[in-house]
Amino acid sequence: MSLTWHQLRDLVRGMFSQDYGGIQGEVAGFYGSDNVCIFKFLVTKSDPQYAFSLSILVLNFLCFGVITCCYIILNLYVRKIGANVKSATQKRTDKTVQNKVTVIIITDFLCWIPFIIVCTLHFF
């Protein structure tokens, strides 16, 4: 059995809202109505994508938390090891690693937390 694009669109039409910021179900670009290859995060409670969007948002937050905890543990481990090192070169290398890990944590925070907060506020 082969499906045409029109048949496939009719099958999945009920899964998604038809309000795309003023574009009513019209294809606006390669990725569909949103011109972006991701699903909508900013949905209302009546939107069929609500549960899926909320679960992806929670999963993103949990992944962010795990990654942050791992980087903090790595940073503490390098700091602990660095306290026992007597070589100036090794101390400088350890400090460089600590600085890089700190920058990674801060940039992850600055990228994900505002997005998570905005999406969460929009949900409720």
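Environment of CZ in F64: crowded, with over 12 heavy atoms of neighbouring residues, nucleotides or ligands closer than 6.0 Å.
When hydrophobic clusters are built by joining Ile, Leu, Val, Met, Phe, Trp and Tyr residues whose side-chain heavy atoms come closer than 4.5 Å, directly or via intermediates, F61 is grouped together with L121. If you chain together hydrophobic residues whose side chains sit under 4.5 Å apart, L110 and W112 fall into the same group. Under the 4.5 Å side-chain heavy-atom criterion for grouping Ile, Leu, Val, Met, Phe, Trp and Tyr, L74 is connected to I72 within one hydrophobic cluster.
The CG atom of N99 lies 8.5 Å from the CG atom of N75; values are rounded to the nearest 0.5 Å. Distance check: K95 NZ to T102 OG1 gives 7.5 Å after rounding to the nearest 0.5 Å. One finds the CD1 atom of I105 at 10.0 Å from the SG atom of C70 (value rounded to the nearest 0.5 Å). Note: C111 SG to I106 CD1 = 12.0 Å, rounded to the nearest 0.5 Å.
Counting heavy atoms from C-beta outward, Q98 and V101 have side chains that stay 4.5 Å or more apart.
Considering T68, I73, I67 in turn, I67 is the only one that fulfils the side chain to side chain contact (heavy atoms under 4.5 Å, CB included) rule with Y71.
Minimum interatomic distance between I104 and T107 (heavy atoms only, all atoms of both residues): O-OG1, 3.0 Å.
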